[in-house]
Amino acid sequence: MKKLMITLGAMAAAAALTVQAEEQPVQNESAKPEAAEAEESESEDETPLFEVALQLDVNSAYVSHNRIFSDTPVAQYDVWMQLNLPEKFGWIAADVWASQELNKRHSSRKRGNGGKQLGGIGEFDYEIVYGNSIGPVNLTASHLWYTYPRCGWASQKFWTIGAEYDNEFVVPSVKFFWEYAHNSKPDEAFMIDFALSKGFEITEDLSLKLTSKTTLYTSEYAKYISGGALTDTVFGGWDNGIALSYALTDNISLGAHLNYLYKLDHRVRHCPGWDSYSVDSRHGSHDGLLYGGVSVSLAF
């Protein structure tokens, strides 16, 4: 634990120096639907008891926690359901997310990374989240479960804790992940997402957002995802993006984003040996990836 606290302290200082203005985040790193921001309502009467948001993203690549899961087109689906508790008690939400590799929907029937099984959907994620606010600080705690049903890989389970400081200048956030269940997981497998974001209201319906994020992997986790090539705490990459969102109606919005991921260390991969799903092994040291996509969301 002492080692972890030292790591966290060093990381906070490094993030302040290296990360500039920052979303799934996926998971997702994909940004959660606007229903997650219900706590910002001016009064309890303006906050509905129950909210639902549906989102479809079509992206040229799948990047999560600064790791390249796929550099070919993907469709990603998100269903967010939120129950707003009485004032000062926060909210509870359930989220289901899936990623579909569009170039693999019609490939061979071979089981694994290539087959028609599930039409190219290679991942389903499930998360139960509790959120609340203390002044301008938004806090979350969740249980997160990554599953890979088409490929037969072991699922991953995490406990997470997150914090975001909401202000009118630059919004910093941090999210801590402890992976407690995986077949080949070492003890104390931790990763930490750091992000900065800045939003601009261009018109009443059009907004722009700048984002910058990085992920820290503790030495145990770095060794795990690099197949033993890494033995020290390491940053996976630096992902900067720009996004536009347009409110078509009160319930429907359209979005588009463009990101550039700079690979700080090519040895940080999705998982060694999963080359047909994770393509980090094809992106050499300090290589970058330019990717983008469009989205449509429905909230009510």
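When all heavy atoms of Lys198 and Phe169 are compared, the closest pair comes out as CD-O, 2.6 Å. The heavy-atom pair separating Leu289 from Ala61 by the smallest distance is CD2-CB, 4.0 Å. The minimum heavy-atom distance linking Phe89 with Leu85 is given by the pair O-CD1, 3.3 Å. Looking at every heavy atom in both residues, Ala163 comes nearest to Leu139 through CB-CD2, 3.7 Å. Minimum interatomic distance between Ile128 and Ala94 (heavy atoms only, all atoms of both residues): CD1-CB, 3.8 Å. Of all non-hydrogen atoms in Val171 and Tyr165, the two that sit nearest each other are CG1-O, 3.3 Å.
Heavy-atom neighbours of Ile134 CD1 from other residues, nucleotides or ligands within 6.0 Å: at or below the threshold of 12. Heavy atoms of other residues, nucleotides or ligands lying less than 6.0 angstrom from CG of Asp250 number 12 at most. Heavy-atom neighbours of Ile161 CD1 from other residues, nucleotides or ligands within 6.0 Å: at or below the threshold of 12.
Atom CG of residue Leu244 and atom CG of residue Leu208 lie 5.0 Å apart, to the nearest 0.5 angstrom. Annotation: the span from Ile202 atom CD1 to Ser245 atom OG amounts to 10.0 Å, rounded to 0.5 Å. Thr140 OG1 to Glu164 CD: the interatomic distance, rounded to the nearest 0.5 Å, is 9.0 Å. A distance of 11.5 Å separates CG of Leu216 from CZ of Phe190, quoted to the nearest 0.5 Å. Of the inter-residue distances, the one linking Asp232 atom CG with Lys223 atom NZ reads 11.0 Å to the nearest 0.5 angstrom. With rounding to the nearest 0.5 Å, the separation of CG in Leu258 from CG in Leu290 is 5.0 Å.
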Criterion side-chain hydrogen bond (donor to acceptor under 3.5 Å, both in side chains) on Tyr130 and Asn132, from CA distance to verdict:
CA-CA 7 Å; Tyr130 171 74; Asn132 207 340; 3.0 Å; yes
Go through it in stages, so that I can follow the logic: the residues are Phe177 and Glu179, the test is side-chain contact (heavy atoms from CB on, under 4.5 Å), and I'd like the CA-CA distance, side-chain angles, deciding distance and then a yes or no.
CA-CA 6 Å; Phe177 297 77; Glu179 184 178 0; over 6 Å; no
Should Phe158 and Glu127 be marked as a side-chain contact (heavy atoms from CB on, under 4.5 Å) after you check the CA-CA gap, both sets of side-chain angles, and the distance that decides it?
CA-CA 9 Å; Phe158 298 84; Glu127 188 171 19; over 6 Å; no
Apply side-chain contact (heavy atoms from CB on, under 4.5 Å) to Ser212 and Asn240, showing your working.
CA-CA 4 Å; Ser212 183; Asn240 297 292; 2.6 Å; yes
If you apply the rule side-chain contact (heavy atoms from CB on, under 4.5 Å), what do you find for Trp97 with Glu123, and how did you get there?
CA-CA 8 Å; Trp97 183 92; Glu123 180 177 347; 3.8 Å; yes
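There is a path of hydrophobic side-chain contacts, each under 4.5 Å, that joins Leu248 to Leu56. A continuous path of Ile, Leu, Val, Met, Phe, Trp and Tyr side chains, each step under 4.5 Å between heavy atoms, connects Trp159 with Ile192, placing both in one hydrophobic cluster.
Remark: side-chain polar atoms of Thr214 are paired, donor with acceptor, to backbone N or O of Gly237 under 3.5 angstrom. Remark: side-chain polar atoms of Thr147 are paired, donor with acceptor, to backbone N or O of Phe124 under 3.5 angstrom. At distances below 3.5 Å, at least one donor-acceptor pair connects side-chain atoms of Thr249 with backbone N or O atoms of Asn251. Looking only at distances, no side-chain donor or acceptor of Lys263 sits under 3.5 Å from a matching main-chain atom of Arg67. The main-chain N or O of Asn138 is never found under 3.5 Å from a side-chain atom of Ser133 such that the two would form a donor-acceptor pair.
With Asp239 as the fixed residue, the side chain to side chain donor-acceptor pair (under 3.5 Å) test singles out one of Tyr291, Tyr260, Tyr262: Tyr291. Here the options are Tyr126, Tyr148, Tyr146, Trp145, the test is side chain to side chain donor-acceptor pair (under 3.5 Å), and the partner is Ser155; only Trp145 passes.
Counting only heavy atoms from C-beta outward, the side chains of Asn259 and Val63 never approach each other to under 4.5 Å. Counting heavy atoms from C-beta on, the side chains of Leu49 and Asn84 never come closer than 4.5 Å. Between Leu54 and Val52, some side-chain heavy-atom pair lies under the 4.5 Å cut-off. In this structure, Asn167 and Pro172 have side chains that are in contact, with non-hydrogen atoms separated by less than 4.5 Å. For the pair Glu51/Trp80, no side-chain contact is recorded, criterion being any heavy-atom separation below 4.5 Å from C-beta on.
Asn66 and Tyr217 are not linked by any side-chain donor-acceptor pair at a separation below 3.5 angstrom, with hydrogens and angles left out of the test. With no hydrogens or angles considered, no side-chain donor-acceptor pair links Gln76 and Asp78 at under 3.5 Å. Side chain to side chain, His257 and Asn59 meet the donor-acceptor criterion of an N or O pair below 3.5 Å. Remark: the Tyr77 side chain and the Gln100 side chain contain an N/O donor-acceptor pair separated by less than 3.5 Å.
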